[in-house]
2 protein chains.
Amino acid sequence: MTVVETVEARLPAHEVVYRELREQILFGEIAPGQAVTIQGLTERLGAGMTPVREAIRRLTAEGALKFQGNRRVIVPLLSAKNIEEIIVARKCLEGELARRATERAKPEDLQFLVQTDKLLDQAIVKGDLQAYLEHNFRFHERIYDMADAPILADLAEGLWLRFGPSLRVVCGRVGTQNLPDKHKDLLSAMQAGDAERTAQANVEDMMQGMEQVRIMLA
Amino acid sequence: MTVVETVEARLPAHEVVYRELREQILFGEIAPGQAVTIQGLTERLGAGMTPVREAIRRLTAEGALKFQGNRRVIVPLLSAKNIEEIIVARKCLEGELARRATERAKPEDLQFLVQTDKLLDQAIVKGDLQAYLEHNFRFHERIYDMADAPILADLAEGLWLRFGPSLRVVCGRVGTQNLPDKHKDLLSAMQAGDAERTAQANVEDMMQGMEQVRIMLA
DNA sequence: CAACCTAAAATATGATCAAATTATGGATTG
DNA sequence: CAATCCATAATTTGATCATATTTTAGGTTG
């Protein structure tokens with residue numbers, strides 16, 4: 001048995017299933033509107049029923065899944081109104097988190113962000129949608145971690161879980177080439193230690209993405 | 001079998017357990033730091049293991065419970081830093097929700113709020129902590145519902161779940177007599193249709209409560 | 001077109017296995 | 001001789017699974 005297997009064996013099955021399913025939703029592998037069945041997951045992930053159930057309830061609580069009245073669970077379809085709400089919340093959260101992250105940035109954090117942004121650019125050039133979505137998320141997730149504000153980070157990640165599936169749809173239509181971001185502005189501001197400018201760049205970056213989703217839903 | 005029992009029987013056991021446990025946490029019946037065991041709940045609520053498990057995962061995802069590394073689940077203890085984070089998020093959310101609620105207020109909503117505030121005052125006079133906490137929550141919950149913004153309402157309720165247990169501790173120490181609120185200001189502004197003033201009153205009300213918790217934690 | 005029937009899926013229980021905490025008793029030390 | 005510490009046993013609790021029951025959806029028949 002390898003070391004990796006030993007470490008993973010320490011994680012409960014419900015935790016493993018949760019993470020797996022979460023990533024699949026986050027990167028749009030399960031489309032908005034699509035049903036998620038317990039039995040389907042037990043087969044697909046080779047897990048028992050109870051752990052699968054627990055993972056589904058957890059993701060439902062986070063808004064990543066929606067419990068229909070009739071025992072059905074689906075990946076929710078976002079409405080234009082939903083996006084407005086998400087924008088309101090993110091405007092506040094993304095600004096605050098970027099501000100705090102800048103004040104606490106360590107060299108290895110900046111190095112990670114620069115490196116991730118590079119990988120992101122490469123994914124855009126290659127047109128690799130999956131890699132684009134993943135690196136983009138890792139970039140912002142790192143900022144959340146840096147902020148040393150677990151509750152705010154939880155809220156921000158929870159929102160990501162809500163619009164993630166739609167983002168995939170948007171990017172699939174628009175194409176990775178046409179996805180502008182403000183990461184360069186953000187990084188230069190953060191390197192300069194300018195928390196306010198970093199916050200502003202992060203909010204603008206967020207708004208660009210949300211705008212794309214908004215256009216699609218209209 | 002009564003009608004009520006028939007209707008409740010339609011709700012899945014995991015949903016019933018979830019609601020029950022959620023209320024108990026919300027109104028501080030389970031103290032911060034206290035452990036929540038699966039077997040304890042199966043006995044106390046007369047439910048099976050799987051539904052209890054699902055309810056716990058759901059509440060863990062909402063931040064109402066915390067999963068310790070060693071398989072233990074507790075009601076989290078708030079730190080002073082946590083409160084700061086909650087304040088940042090609530091400043092944004094409570095303002096927006098009150099604004100939207102005012103714009104959409106129907107006569108029966110206002111009637112409910114006035115009535116609930118009356119019950120709240122009575123609870124204060126009687127020194128009935130449990131009733132105070134419950135009516136206070138129902139008051140604000142109604143505002144969330146009125147706002148017609150399910151995602152923002154989810155976020156606001158989720159935060160309530162985080163500070164609820166601490167609020168109980170605070171009120172237990174301070175006594176219900178010494179708990180000022182801004183509900184009268186809020187109601188008069190809302191009745192006048194002044195969304196901005198309602199928002200301001202709601203944020204002030206929130207801050208008064210958070211301030212109490214902050215003082216206790218210092 | 002409605003009522004019924006069948007198949008599939010979800011709910012829920014209890015049994016079983018594994019892990020962790022607590023309790024116990026003996027050895028060691030001051 | 002009493003107190004402390006450590007190792008080990010016992011008990012409690014969590015994790016997982018297999019299975020029985022209930023519910024729903026969809027197709028079929030009158």
Side-chain angles (χ1 to χ4, degrees), chain A residues 1-22 24-25 30-31 33-62 64-77, chain B residues 1-22 24-25 30-31 33-62 64-77:
Chain A
M1 192 182 277
T2 68
V3 174
V4 172
E5 277 170 345
T6 307
V7 170
E8 283 186 354
R10 300 272 156 180
L11 284 176
H14 63 81
E15 184 69 34
V16 175
V17 172
Y18 166 77
R19 295 188 188 186
E20 182 74 23
L21 187 52
R22 181 189 146 102
Q24 291 186 359
I25 294 170
I30 307 174
Q34 191 174 333
V36 170
T37 68
I38 294 174
Q39 300 212 344
L41 287 178
T42 58
E43 290 169 23
R44 189 145 62 83
L45 304 179
M49 273 187 152
T50 312
V52 167
R53 239 154 195 287
E54 292 177 75
I56 287 178
R57 296 301 167 230
R58 225 171 131 180
L59 288 161
T60 304
E62 292 177 347
L65 294 173
K66 192 175 153 202
F67 187 76
Q68 309 275 66
N70 39 342
R71 303 166 151 210
R72 281 285 156 84
V73 173
I74 63 166
V75 176
L77 286 158
Chain B
M1 193 181 275
T2 67
V3 175
V4 173
E5 277 171 342
T6 308
V7 169
E8 283 186 352
R10 298 274 156 175
L11 285 176
H14 65 82
E15 184 70 33
V16 175
V17 172
Y18 166 77
R19 294 187 189 187
E20 182 74 22
L21 187 52
R22 182 191 146 101
Q24 291 187 359
I25 294 169
I30 308 174
Q34 192 175 330
V36 171
T37 68
I38 293 174
Q39 302 207 348
L41 287 177
T42 58
E43 290 169 24
R44 189 146 63 84
L45 303 179
M49 273 186 154
T50 313
V52 167
R53 240 158 196 288
E54 292 176 79
I56 287 179
R57 296 300 165 230
R58 229 172 126 179
L59 288 161
T60 304
E62 291 177 347
L65 294 173
K66 192 175 152 201
F67 187 77
Q68 309 275 68
N70 40 343
R71 307 163 148 208
R72 278 288 156 84
V73 173
I74 62 166
V75 176
L77 287 159

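Note that the coordinates shown come from a computational prediction; the quantities given were computed from them, not determined experimentally. Residue numbering restarts at 1 for every chain, and letters A, B, ... go by the order of the sequence lines.
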Colleague: Hey, which sits more toward the 5' end of DNA chain D by its nearest nucleotide, Gly40(B) or Arg72(A)?
Modeller: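 Residue closer to the 5' terminus by nearest nucleotide: Gly40(B).
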Colleague: Phe67(A) CZ to dT23(D) P: how many Å, rounded?
Modeller: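 After rounding, the reported distance stands at 14 Å.
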Colleague: Roughly, in whole Å, what's the span from CG in Leu45(B) to P in dA12(C)?
Modeller: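 In whole Å, dA12(C) P lies 14 Å from Leu45(B) CG.
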Colleague: Taking the side chain as every heavy atom from C-beta outward, state whether Arg19(A) and Leu11(A) have any atom pair closer than 4.5 Å.
Modeller: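 Side-chain contact under 4.5 Å: yes.
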Colleague: Roughly, in whole Å, what's the span from CD1 in Ile38(B) to P in dT16(C)?
Modeller: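 Checked: the CD1 to P distance equals 19 Å.
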Colleague: Ile74(A) has an atom CD1; how far is it from atom C1' of dA9(C), in whole Å?
Modeller: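 From Ile74(A) CD1 to dA9(C) C1': 17 Å.
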Colleague: When we call it a touch if two heavy atoms are under 4.0 Å apart, what does Thr37(B) touch: a base, just sugar-phosphate, or nothing?
Modeller: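 Sugar-phosphate only.
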Colleague: Show the nearest heavy-atom pair for residues Pro76(A) and Ala64(A), with the distance to one decimal.
Modeller: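 Minimum heavy-atom contact is CD-O, 3.2 Å.
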Colleague: Does a side-chain heavy-atom distance below 4.5 Å link Glu62(B) with Leu59(B)?
Modeller: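 In contact.
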Colleague: Whole angstroms only, please: what is the CD-C1' distance between Gln68(B) and dT21(C)?
Modeller: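 The answer, rounded to whole Å, is 14 Å.
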Colleague: Does Arg58(A) pair with Glu15(A) as a salt bridge, N-O distance under 4.0 Å?
Modeller: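 Looking at Arg58(A) and Glu15(A), the cut-off is met.
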Colleague: Looking only at side-chain N and O atoms, does Arg71(A) come under 4.0 Å of OP1 or OP2 in dT11(C)?
Modeller: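 Answer no for this pair, as no side-chain N or O of Arg71(A) is under 4.0 Å from OP1 or OP2.
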Colleague: Once you round it to whole Å, what is the distance between P of dT16(D) and CD of Glu54(B)?
Modeller: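 From Glu54(B) CD to dT16(D) P: 14 Å.
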Colleague: Can you check whether Leu21(B) reaches Ile56(B) side chain to side chain, under 4.5 Å on heavy atoms?
Modeller: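 Side-chain contact under 4.5 Å: yes.
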Colleague: Nearest whole angstrom, please: distance from the C1' of dA18(C) to the CD of Gln39(B).
Modeller: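 Answer to the nearest Å: 13 Å.
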Colleague: Measure from CG on Leu65(B) to C1' on dG14(D) and round the result to the nearest Å.
Modeller: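 Atom CG in Leu65(B) sits about 15 Å away from atom C1' in dG14(D).
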Colleague: Please pick, from dT16(D), dT13(D), dA12(C), the nucleotide with the shortest atom-to-atom distance to any side-chain atom of Met49(B).
Modeller: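 The answer is dT16(D).
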Colleague: Does dA25(D) have its OP1 or OP2 closer than 4.0 Å to a side-chain nitrogen or oxygen of Asn70(A)?
Modeller: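 Asn70(A) to dA25(D) OP1/OP2: side-chain N or O found under 4.0 Å.
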Colleague: Determine: side-chain N/O of Arg53(A) to OP1/OP2 of dA9(C), distance under 4.0 Å, yes or no.
Modeller: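 So the side chain of Arg53(A) is outside the cut-off, no N or O lying under 4.0 Å from OP1 or OP2 of dA9(C).
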